[in-house]
Enquirer: 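Here it is, the structure, as C-alpha coordinates.
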Amino acid sequence: MTENTRRDGLVGIGELARVTGVPVRTLRFYCDNGVLESRRSGGGHRLFDPVTAVDQVLLVRRLRTLGLSLSAIIEVLTGTRSIVDAIAAERAALDTELGVLSWRRASLRAIEGAPPAERPARLELLAAVSDRHRAHDSLVTFWRRLLAPLPSPIFDGFVEMNIPRLPADPTPEHIVAFAELTTHTTDPACTAAISRQLWRTNPARIHDKLALITGVAEACVAVNALGVSTPHPGLELDQFIHAHAAARRDHDTPSLRRELLDNASDNDPRIHRYWKLTTEITGATTAGAALYWLYQALAQWADYDVHA
(Lines give C-alpha, C1' and ligand atoms only; values in the text may rest on other atoms or scores of the structure.)
Protein backbone atom coordinates (compact mmCIF):
# COMPACT_ATOMS: atom_id res chain seq x y z
CA MET A 1 0.00 0.00 0.00
CA THR A 2 1.54 3.36 -1.04
CA GLU A 3 0.85 6.93 0.06
CA ASN A 4 -0.98 7.48 -3.23
CA THR A 5 -3.55 4.71 -2.66
CA ARG A 6 -4.86 4.67 0.89
CA ARG A 7 -7.83 2.83 2.34
CA ASP A 8 -9.18 6.09 3.80
CA GLY A 9 -9.58 7.43 0.29
CA LEU A 10 -6.93 10.15 0.51
CA VAL A 11 -4.31 10.57 -2.19
CA GLY A 12 -0.71 11.63 -2.03
CA ILE A 13 0.80 14.63 -3.72
CA GLY A 14 2.20 12.53 -6.57
CA GLU A 15 -1.21 11.14 -7.46
CA LEU A 16 -2.77 14.61 -7.24
CA ALA A 17 -0.08 15.92 -9.57
CA ARG A 18 -0.76 13.10 -12.03
CA VAL A 19 -4.54 13.66 -12.05
CA THR A 20 -4.42 17.46 -12.33
CA GLY A 21 -1.31 17.84 -14.48
CA VAL A 22 0.13 20.34 -11.98
CA PRO A 23 3.77 19.72 -10.98
CA VAL A 24 4.48 18.46 -7.46
CA ARG A 25 6.63 21.52 -6.68
CA THR A 26 3.70 23.78 -7.60
CA LEU A 27 1.35 21.82 -5.35
CA ARG A 28 3.83 22.14 -2.50
CA PHE A 29 3.97 25.89 -3.16
CA TYR A 30 0.16 26.09 -2.99
CA CYS A 31 0.15 24.19 0.29
CA ASP A 32 2.89 26.33 1.82
CA ASN A 33 1.02 29.52 0.89
CA GLY A 34 -2.37 28.44 2.20
CA VAL A 35 -3.97 27.96 -1.19
CA LEU A 36 -4.43 24.20 -0.94
CA GLU A 37 -5.36 22.25 2.20
CA SER A 38 -3.65 18.98 3.02
CA ARG A 39 -3.20 16.53 5.89
CA ARG A 40 -0.07 14.77 7.01
CA SER A 41 0.37 11.00 7.13
CA GLY A 42 2.15 9.24 9.93
CA GLY A 43 5.26 9.48 7.82
CA GLY A 44 4.85 13.22 7.29
CA HIS A 45 3.63 13.02 3.70
CA ARG A 46 0.94 15.38 2.39
CA LEU A 47 -2.44 13.78 1.80
CA PHE A 48 -5.45 15.19 -0.06
CA ASP A 49 -9.13 14.50 -0.51
CA PRO A 50 -9.20 13.31 -4.14
CA VAL A 51 -12.44 15.11 -5.07
CA THR A 52 -12.06 18.40 -3.20
CA ALA A 53 -8.36 18.78 -3.91
CA VAL A 54 -8.70 18.10 -7.64
CA ASP A 55 -11.50 20.67 -7.95
CA GLN A 56 -9.49 23.21 -5.98
CA VAL A 57 -6.29 22.70 -7.94
CA LEU A 58 -8.08 22.98 -11.29
CA LEU A 59 -9.86 26.14 -10.13
CA VAL A 60 -6.58 27.64 -8.91
CA ARG A 61 -4.85 26.83 -12.18
CA ARG A 62 -7.65 28.39 -14.24
CA LEU A 63 -7.77 31.55 -12.12
CA ARG A 64 -3.98 31.86 -12.24
CA THR A 65 -4.19 31.61 -16.02
CA LEU A 66 -6.41 34.69 -15.91
CA GLY A 67 -3.80 36.50 -13.85
CA LEU A 68 -5.49 36.48 -10.43
CA SER A 69 -3.17 36.74 -7.45
CA LEU A 70 -2.84 33.97 -4.88
CA SER A 71 -4.42 36.19 -2.23
CA ALA A 72 -7.48 36.74 -4.44
CA ILE A 73 -7.68 33.01 -5.18
CA ILE A 74 -7.53 32.20 -1.47
CA GLU A 75 -10.48 34.55 -0.92
CA VAL A 76 -12.41 32.66 -3.58
CA LEU A 77 -11.55 29.25 -2.11
CA THR A 78 -12.51 30.33 1.43
CA GLY A 79 -15.74 31.94 0.25
CA THR A 80 -14.66 35.42 1.31
CA ARG A 81 -15.15 36.66 -2.26
CA SER A 82 -17.12 35.28 -5.16
CA ILE A 83 -15.44 34.35 -8.42
CA VAL A 84 -17.36 37.10 -10.21
CA ASP A 85 -16.15 39.74 -7.74
CA ALA A 86 -12.56 38.51 -7.92
CA ILE A 87 -12.57 38.57 -11.71
CA ALA A 88 -14.23 42.02 -11.75
CA ALA A 89 -11.52 43.35 -9.44
CA GLU A 90 -8.80 41.89 -11.66
CA ARG A 91 -10.44 43.39 -14.75
CA ALA A 92 -10.62 46.80 -13.07
CA ALA A 93 -6.94 46.59 -12.15
CA LEU A 94 -6.12 45.64 -15.72
CA ASP A 95 -8.15 48.60 -17.03
CA THR A 96 -6.07 50.89 -14.83
CA GLU A 97 -2.85 49.34 -16.06
CA LEU A 98 -3.94 49.62 -19.68
CA GLY A 99 -4.83 53.27 -19.11
CA VAL A 100 -1.34 53.97 -17.83
CA LEU A 101 0.19 52.13 -20.78
CA SER A 102 -2.01 53.90 -23.34
CA TRP A 103 -1.07 57.29 -21.85
CA ARG A 104 2.60 56.33 -21.98
CA ARG A 105 2.36 55.06 -25.56
CA ALA A 106 0.60 58.21 -26.76
CA SER A 107 3.21 60.35 -24.98
CA LEU A 108 6.03 58.49 -26.67
CA ARG A 109 4.32 58.83 -30.05
CA ALA A 110 3.79 62.56 -29.44
CA ILE A 111 7.50 63.07 -28.80
CA GLU A 112 8.53 60.78 -31.65
CA GLY A 113 6.26 62.61 -34.09
CA ALA A 114 7.29 66.14 -33.09
CA PRO A 115 9.55 68.15 -35.40
CA PRO A 116 13.19 67.75 -34.27
CA ALA A 117 13.44 71.37 -33.15
CA GLU A 118 10.34 71.00 -30.97
CA ARG A 119 11.19 67.68 -29.33
CA PRO A 120 13.05 69.06 -26.28
CA ALA A 121 10.12 71.35 -25.41
CA ARG A 122 7.60 68.55 -26.12
CA LEU A 123 9.55 66.21 -23.86
CA GLU A 124 9.57 68.79 -21.06
CA LEU A 125 5.84 69.40 -21.48
CA LEU A 126 4.84 65.74 -21.38
CA ALA A 127 7.23 64.77 -18.62
CA ALA A 128 5.32 67.15 -16.32
CA VAL A 129 2.09 65.16 -16.76
CA SER A 130 3.29 61.57 -16.75
CA ASP A 131 0.43 60.56 -14.43
CA ARG A 132 -2.94 61.02 -16.15
CA HIS A 133 -4.97 60.85 -12.93
CA ARG A 134 -2.76 63.35 -11.14
CA ALA A 135 -2.99 65.69 -14.12
CA HIS A 136 -6.79 65.46 -14.12
CA ASP A 137 -6.87 66.01 -10.35
CA SER A 138 -4.78 69.16 -10.77
CA LEU A 139 -7.44 70.57 -13.11
CA VAL A 140 -10.19 69.70 -10.62
CA THR A 141 -8.24 71.36 -7.80
CA PHE A 142 -7.68 74.46 -9.94
CA TRP A 143 -11.39 74.90 -10.60
CA ARG A 144 -12.40 74.00 -7.06
CA ARG A 145 -10.33 76.94 -5.82
CA LEU A 146 -11.84 79.29 -8.40
CA LEU A 147 -15.44 78.19 -7.92
CA ALA A 148 -15.57 77.98 -4.13
CA PRO A 149 -18.09 77.87 -2.46
CA LEU A 150 -19.95 75.90 -5.14
CA PRO A 151 -21.76 72.85 -3.60
CA SER A 152 -20.47 69.45 -4.63
CA PRO A 153 -23.43 68.43 -6.84
CA ILE A 154 -23.18 71.62 -8.90
CA PHE A 155 -19.39 71.50 -9.00
CA ASP A 156 -19.47 67.87 -10.10
CA GLY A 157 -21.74 68.87 -12.98
CA PHE A 158 -19.25 71.57 -13.98
CA VAL A 159 -16.42 69.04 -13.85
CA GLU A 160 -18.35 66.64 -16.07
CA MET A 161 -18.93 69.30 -18.73
CA ASN A 162 -15.76 71.38 -18.58
CA ILE A 163 -12.85 69.34 -17.24
CA PRO A 164 -11.86 66.79 -19.87
CA ARG A 165 -11.15 63.16 -19.27
CA LEU A 166 -8.95 61.58 -21.87
CA PRO A 167 -10.38 58.65 -23.81
CA ALA A 168 -9.22 55.17 -22.93
CA ASP A 169 -6.93 55.14 -25.96
CA PRO A 170 -5.81 58.77 -26.37
CA THR A 171 -4.10 60.09 -29.47
CA PRO A 172 -0.79 61.98 -29.30
CA GLU A 173 -2.78 65.15 -30.03
CA HIS A 174 -4.99 64.50 -27.00
CA ILE A 175 -1.96 64.04 -24.77
CA VAL A 176 -0.28 67.25 -25.94
CA ALA A 177 -3.49 69.26 -25.54
CA PHE A 178 -4.09 67.87 -22.06
CA ALA A 179 -0.51 68.55 -21.01
CA GLU A 180 -0.69 72.13 -22.24
CA LEU A 181 -4.03 72.55 -20.51
CA THR A 182 -2.56 71.60 -17.14
CA THR A 183 0.33 74.04 -17.58
CA HIS A 184 -2.19 76.88 -17.92
CA THR A 185 -3.47 76.14 -14.42
CA THR A 186 0.01 76.80 -13.00
CA ASP A 187 0.34 80.15 -14.79
CA PRO A 188 -0.65 82.96 -12.35
CA ALA A 189 -1.51 85.30 -15.23
CA CYS A 190 -3.84 82.74 -16.80
CA THR A 191 -5.41 82.00 -13.42
CA ALA A 192 -6.06 85.70 -12.87
CA ALA A 193 -7.60 86.07 -16.33
CA ILE A 194 -9.94 83.10 -15.90
CA SER A 195 -10.91 84.34 -12.44
CA ARG A 196 -11.74 87.75 -13.89
CA GLN A 197 -13.82 86.08 -16.60
CA LEU A 198 -15.85 84.38 -13.86
CA TRP A 199 -16.25 87.22 -11.37
CA ARG A 200 -15.92 90.11 -13.80
CA THR A 201 -15.53 93.39 -11.96
CA ASN A 202 -14.73 94.16 -8.32
CA PRO A 203 -15.15 90.73 -6.66
CA ALA A 204 -15.20 92.43 -3.23
CA ARG A 205 -18.69 93.75 -4.05
CA ILE A 206 -20.06 90.26 -4.62
CA HIS A 207 -22.13 89.36 -1.56
CA ASP A 208 -23.36 85.97 -2.76
CA LYS A 209 -20.83 84.09 -4.91
CA LEU A 210 -22.92 80.94 -4.90
CA ALA A 211 -25.94 82.75 -6.32
CA LEU A 212 -23.74 84.42 -8.93
CA ILE A 213 -22.18 81.18 -10.12
CA THR A 214 -25.56 79.46 -10.20
CA GLY A 215 -27.13 82.32 -12.14
CA VAL A 216 -24.28 82.56 -14.63
CA ALA A 217 -24.39 78.78 -15.11
CA GLU A 218 -28.09 79.02 -15.94
CA ALA A 219 -27.34 81.76 -18.46
CA CYS A 220 -24.65 79.56 -20.05
CA VAL A 221 -27.12 76.69 -20.31
CA ALA A 222 -29.55 79.03 -22.05
CA VAL A 223 -26.80 80.07 -24.49
CA ASN A 224 -25.88 76.46 -25.22
CA ALA A 225 -29.53 75.70 -25.93
CA LEU A 226 -29.39 78.16 -28.81
CA GLY A 227 -26.92 75.95 -30.65
CA VAL A 228 -24.82 77.70 -33.25
CA SER A 229 -26.06 81.24 -32.91
CA THR A 230 -24.58 84.68 -33.57
CA PRO A 231 -24.16 86.51 -30.23
CA HIS A 232 -26.89 89.08 -29.68
CA PRO A 233 -28.49 90.93 -26.77
CA GLY A 234 -31.56 89.14 -25.47
CA LEU A 235 -32.95 87.06 -22.65
CA GLU A 236 -29.70 85.13 -22.21
CA LEU A 237 -27.70 88.32 -21.71
CA ASP A 238 -30.40 89.74 -19.41
CA GLN A 239 -30.19 86.58 -17.31
CA PHE A 240 -26.40 86.92 -17.12
CA ILE A 241 -26.56 90.60 -16.09
CA HIS A 242 -29.29 89.91 -13.54
CA ALA A 243 -27.11 87.26 -11.89
CA HIS A 244 -24.27 89.77 -11.48
CA ALA A 245 -26.59 92.53 -10.29
CA ALA A 246 -28.35 90.36 -7.71
CA ALA A 247 -25.07 88.98 -6.33
CA ARG A 248 -23.87 92.58 -5.86
CA ARG A 249 -27.21 93.75 -4.43
CA ASP A 250 -27.46 96.04 -7.42
CA HIS A 251 -29.78 96.48 -10.39
CA ASP A 252 -29.39 95.88 -14.10
CA THR A 253 -28.32 99.35 -15.15
CA PRO A 254 -26.34 100.66 -18.13
CA SER A 255 -23.62 101.62 -15.69
CA LEU A 256 -23.30 98.04 -14.38
CA ARG A 257 -23.31 96.64 -17.91
CA ARG A 258 -20.48 98.92 -18.98
CA GLU A 259 -18.56 98.04 -15.82
CA LEU A 260 -18.89 94.32 -16.56
CA LEU A 261 -17.79 94.93 -20.14
CA ASP A 262 -14.87 97.26 -19.40
CA ASN A 263 -13.31 94.88 -16.87
CA ALA A 264 -13.77 91.75 -18.96
CA SER A 265 -10.86 89.46 -19.76
CA ASP A 266 -12.67 87.42 -22.42
CA ASN A 267 -10.33 88.54 -25.20
CA ASP A 268 -7.26 87.35 -23.29
CA PRO A 269 -5.48 84.86 -25.62
CA ARG A 270 -4.69 82.60 -22.67
CA ILE A 271 -8.38 82.17 -21.95
CA HIS A 272 -9.13 81.42 -25.59
CA ARG A 273 -6.33 78.89 -25.68
CA TYR A 274 -7.47 77.20 -22.47
CA TRP A 275 -11.05 76.71 -23.66
CA LYS A 276 -9.93 75.78 -27.19
CA LEU A 277 -7.78 72.99 -25.77
CA THR A 278 -10.67 71.81 -23.62
CA THR A 279 -12.96 71.64 -26.64
CA GLU A 280 -10.31 69.76 -28.65
CA ILE A 281 -10.27 67.05 -25.99
CA THR A 282 -13.96 66.88 -25.09
CA GLY A 283 -15.43 67.71 -28.47
CA ALA A 284 -18.22 69.49 -26.58
CA THR A 285 -19.31 73.06 -25.95
CA THR A 286 -17.72 74.48 -22.82
CA ALA A 287 -18.68 77.11 -20.27
CA GLY A 288 -15.89 79.23 -21.72
CA ALA A 289 -17.57 79.30 -25.12
CA ALA A 290 -20.88 80.34 -23.54
CA LEU A 291 -19.18 83.07 -21.49
CA TYR A 292 -17.51 84.43 -24.59
CA TRP A 293 -20.87 84.43 -26.40
CA LEU A 294 -22.32 86.47 -23.53
CA TYR A 295 -19.36 88.85 -23.62
CA GLN A 296 -19.87 89.43 -27.35
CA ALA A 297 -23.59 89.95 -26.79
CA LEU A 298 -22.77 92.52 -24.11
CA ALA A 299 -20.35 94.26 -26.47
CA GLN A 300 -23.12 94.42 -29.08
CA TRP A 301 -25.47 95.92 -26.51
CA ALA A 302 -22.84 98.58 -25.78
CA ASP A 303 -22.60 99.44 -29.47
CA TYR A 304 -26.37 99.77 -29.72
CA ASP A 305 -26.45 101.90 -26.56
CA VAL A 306 -23.78 104.27 -27.88
CA HIS A 307 -25.61 104.81 -31.14
CA ALA A 308 -29.07 104.98 -29.62
Enquirer: What's the verdict on side chain to side chain contact (heavy atoms under 4.5 Å, CB included) for Trp301 and Leu261, showing C-alpha distance, side-chain angles and the deciding distance?
Expert: CA-CA 10 Å; Trp301 168 87; Leu261 181 63; 5.8 Å; no
Enquirer: To the nearest 0.5 Å, tell me how far Ile163 CD1 sits from Thr278 OG1.
Expert: 9.0 Å
Enquirer: Go through Glu97 and Val100 one step at a time and tell me if the side chain to side chain contact (heavy atoms under 4.5 Å, CB included) criterion holds.
Expert: CA-CA 5 Å; Glu97 184 179 349; Val100 171; 5.8 Å; no
Enquirer: Closest heavy-atom contact between Arg64 and Ser69?
Expert: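 Scanning both residues completely, I find the closest heavy atoms to be NH1-CA, 3.8 Å.
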Enquirer: Between Thr96 (side chain only) and Ala92 (backbone N and O only), is there a donor and an acceptor less than 3.5 Å apart?
Expert: yes
Enquirer: Please give me the minimum heavy-atom distance between Ala189 and Arg270, naming the atom from each residue.
Expert: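 Answer, listing the atom of Ala189 first, then Arg270: CB-NH1, 3.0 Å.
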Enquirer: Taking atom CZ as the centre, does Arg134 end up with more than 12 heavy-atom neighbours from other residues, nucleotides or ligands that are less than 6.0 angstrom away?
Expert: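 No, because the 6.0 Å sphere around CZ of Arg134 holds 12 heavy atoms or fewer from other groups.
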Enquirer: When you compare the side chains of Thr80 and Thr78, does any donor N or O come within less than 3.5 Å of an acceptor on the partner?
Expert: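 Side chains of Thr80 and Thr78: pair found under 3.5 Å.
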Enquirer: Assigning hydrophobic clusters by single linkage (Ile, Leu, Val, Met, Phe, Trp, Tyr; side-chain heavy-atom cutoff under 4.5 Å), is Val159 placed with Val216?
Expert: yes
Enquirer: More than 12 foreign heavy atoms under 6.0 Å from NE2 of His207: is that the case here?
Expert: yes
Enquirer: Could you check whether atom CZ of Arg165 has more than 12 heavy atoms from other residues, nucleotides or ligands sitting under 6.0 Å from it?
Expert: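 At most 12 heavy atoms, drawn from other residues, nucleotides or ligands, come within 6.0 Å of this atom.
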Enquirer: Given 3.5 Å as the limit, does a donor-acceptor pair link the side chain of Arg81 with the main chain of Ala86, or not?
Expert: no
Enquirer: Under 4.5 Å between any side-chain heavy atoms of Arg144 and Val140, yes or no?
Expert: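 In contact.
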Enquirer: Quick check: closest heavy atoms across Pro23 and Ala17, and the distance to 0.1 Å?
Expert: C-CB, 4.4 Å
Enquirer: Answer yes or no: is there a side-chain heavy-atom contact under 4.5 Å between Leu198 and Leu147?
Expert: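 Yes, close enough: below the 4.5 Å cut-off.
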Enquirer: Calculate, to the nearest 0.5 Å, the distance between atoms CD and CG belonging to Gln296 and Leu237 respectively.
Expert: 12.0 Å
Enquirer: Hey, could you give me the CD1/CD distance between Ile213 and Glu218, rounded to the nearest 0.5 Å?
Expert: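 It is 12.5 Å, given to the nearest 0.5 Å.
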Enquirer: Would a line drawn from the ring center of Tyr292 to the ring center of His272 be shorter than 6.0 Å?
Expert: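 Here the rings of His272 and Tyr292 have centres that are less than 6.0 Å from each other.
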Enquirer: Any sub-3.5 Å donor-acceptor pair from Arg122's side-chain atoms to Ser107's backbone N or O?
Expert: no
Enquirer: Mind checking whether Val35 and Leu66 sit in one hydrophobic cluster, side chains of I, L, V, M, F, W, Y counted as touching below 4.5 Å?
Expert: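 Yes.
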Enquirer: Starting from the C-alpha separation in whole Å, work towards a yes-or-no answer on ring pair (Phe, Tyr, Trp, His ring centres under 6.0 Å) for Trp103 and His133.
Expert: CA-CA 10 Å; Trp103 178 284; His133 297 293; 8.5 Å; no
Enquirer: Compare all side-chain heavy atoms of Leu277 with those of Phe178 and state whether any distance is below 4.5 angstrom.
Expert: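 Not in contact.
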Enquirer: Can you tell me how far CD of Gln239 sits from CG of Leu294, rounded to the nearest 0.5 angstrom?
Expert: 9.0 Å
Enquirer: Does Asp95 come within less than 4.0 Å of Arg91, counting only side-chain N to carboxylate O?
Expert: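 So Asp95 pairs with Arg91 through a salt bridge.
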Enquirer: Do Ser82 and Asp85 have a side chain donor and acceptor closer than 3.5 Å?
Expert: yes
Enquirer: Hydrophobic clustering (ILVMFWY, side-chain heavy atoms < 4.5 Å, transitive) - are Met161 and Ile281 grouped together?
Expert: no
Enquirer: Which residues pass the side-chain contact (heavy atoms from CB on, under 4.5 Å) test with Gln197, not counting sequence neighbours?
Expert: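 Result, side-chain contact (heavy atoms from CB on, under 4.5 Å) vs Gln197: Arg200, Ser265, Asp266, Ile271, Trp275, Leu291.
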Enquirer: Evaluate side chain to side chain contact (heavy atoms under 4.5 Å, CB included) for Arg132 paired with Ser102, printing each intermediate quantity in order.
Expert: CA-CA 10 Å; Arg132 66 184 295 165; Ser102 67; 3.7 Å; yes
Enquirer: Working note: Val24 + Arg28, criterion side chain to side chain contact (heavy atoms under 4.5 Å, CB included); need CA distance, chi angles, decisive distance, verdict.
Expert: CA-CA 6 Å; Val24 169; Arg28 290 197 184 103; 3.3 Å; yes
Enquirer: Does atom CZ of Arg104 have more than 12 heavy-atom neighbours from other groups under 6.0 Å away?
Expert: no
Enquirer: Can you measure from CG (Leu212) to CD1 (Ile206) and round to the nearest 0.5 angstrom?
Expert: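 With rounding to 0.5 Å, CG (Leu212) is 5.0 Å from CD1 (Ile206).
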Enquirer: Is the side chain of Ser229 donor-acceptor paired with the backbone N or O of Leu226 at a distance under 3.5 Å, no angle test?
Expert: no
Enquirer: Begin with the C-alpha distance, continue with both residues' side-chain angles, and end with the deciding distance and a verdict on side chain to side chain donor-acceptor pair (under 3.5 Å) for Thr253 and Ser255.
Expert: CA-CA 5 Å; Thr253 63; Ser255 175; 4.8 Å; no
Enquirer: Hey, are the side chains of Tyr30 and Leu70 touching, using non-hydrogen atoms and a 4.5 Å cut-off?
Expert: yes
Enquirer: Salt-bridge test for Arg109 and Glu112: reply yes if a basic N is under 4.0 Å from a carboxylate O, no otherwise.
Expert: no
Enquirer: When you group the ILVMFWY residues by side-chain heavy-atom contacts below 4.5 Å and let the links chain together, are Leu58 and Val19 in the same group?
Expert: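 Yes, same cluster.
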Enquirer: Is there a side-chain contact between Leu59 and Ile83 (heavy atoms, below 4.5 Å)?
Expert: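 With C-beta onward as the side chain, the pair touches.
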Enquirer: Does the side chain of His184 come within less than 4.5 Å of Arg273's, by heavy atoms?
Expert: yes
Enquirer: Is it true that Asp238 and Arg257 have a side-chain N and a carboxylate O under 4.0 angstrom from each other?
Expert: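 So Asp238 pairs with Arg257 through a salt bridge.
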Enquirer: Is Thr214 reaching over with its side chain to a backbone N or O of Ala211, donor-acceptor style, under 3.5 angstrom?
Expert: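 The answer is no, because no donor-acceptor pair under 3.5 Å joins these two groups.
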Enquirer: A side-chain contact here means heavy atoms from C-beta on lying under 4.5 Å apart; do Val11 and Leu47 qualify?
Expert: no
Enquirer: For His244 and Arg248, does a side-chain donor sit closer than 3.5 Å to a side-chain acceptor?
Expert: yes
Enquirer: Above 12 or not: heavy atoms from other molecules or residues under 6.0 Å from CZ of Arg39?
Expert: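 No, the 6.0 Å shell around CZ holds no more than 12 heavy atoms from other groups.
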Enquirer: Check this for me: His242, atom NE2, are more than 12 non-hydrogen atoms of other residues, nucleotides or ligands nearer than 6.0 Å?
Expert: no
Enquirer: Report yes or no: do Ile73 and Phe29 belong to one cluster of Ile/Leu/Val/Met/Phe/Trp/Tyr joined by side chain heavy-atom distances under 4.5 Å?
Expert: yes
Enquirer: Is there a side-chain contact between Asn162 and Trp143 (heavy atoms, below 4.5 Å)?
Expert: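 No, side chains not in contact.
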Enquirer: Using every non-hydrogen atom in the two residues, find where Trp199 and Leu146 come nearest and quote the distance to one decimal.
Expert: CZ2-O, 3.1 Å
Enquirer: Please find the pair of heavy atoms, one from Val129 and one from Thr182, that lie closest to each other, and give the distance.
Expert: CG1-OG1, 3.1 Å
Enquirer: Side chain of Thr279, backbone of Gly283: donor and acceptor closer than 3.5 Å?
Expert: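 Between the backbone of Gly283 and the side chain of Thr279 there is no qualifying donor-acceptor contact (under 3.5 Å).
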Enquirer: Which atoms form the tightest heavy-atom contact between Glu236 and Ala222, and what is the distance?
Expert: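 Of all heavy-atom pairs spanning Glu236 and Ala222, the closest is CG-CB, 3.9 Å.
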Enquirer: Is the shortest side-chain N to carboxylate O distance from Glu259 to Arg205 below 4.0 Å?
Expert: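 Answer for the salt bridge query: yes.
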Enquirer: Measuring from Ile13:CD1 to Ser38:OG, what's the distance to the nearest 0.5 Å?
Expert: 7.5 Å
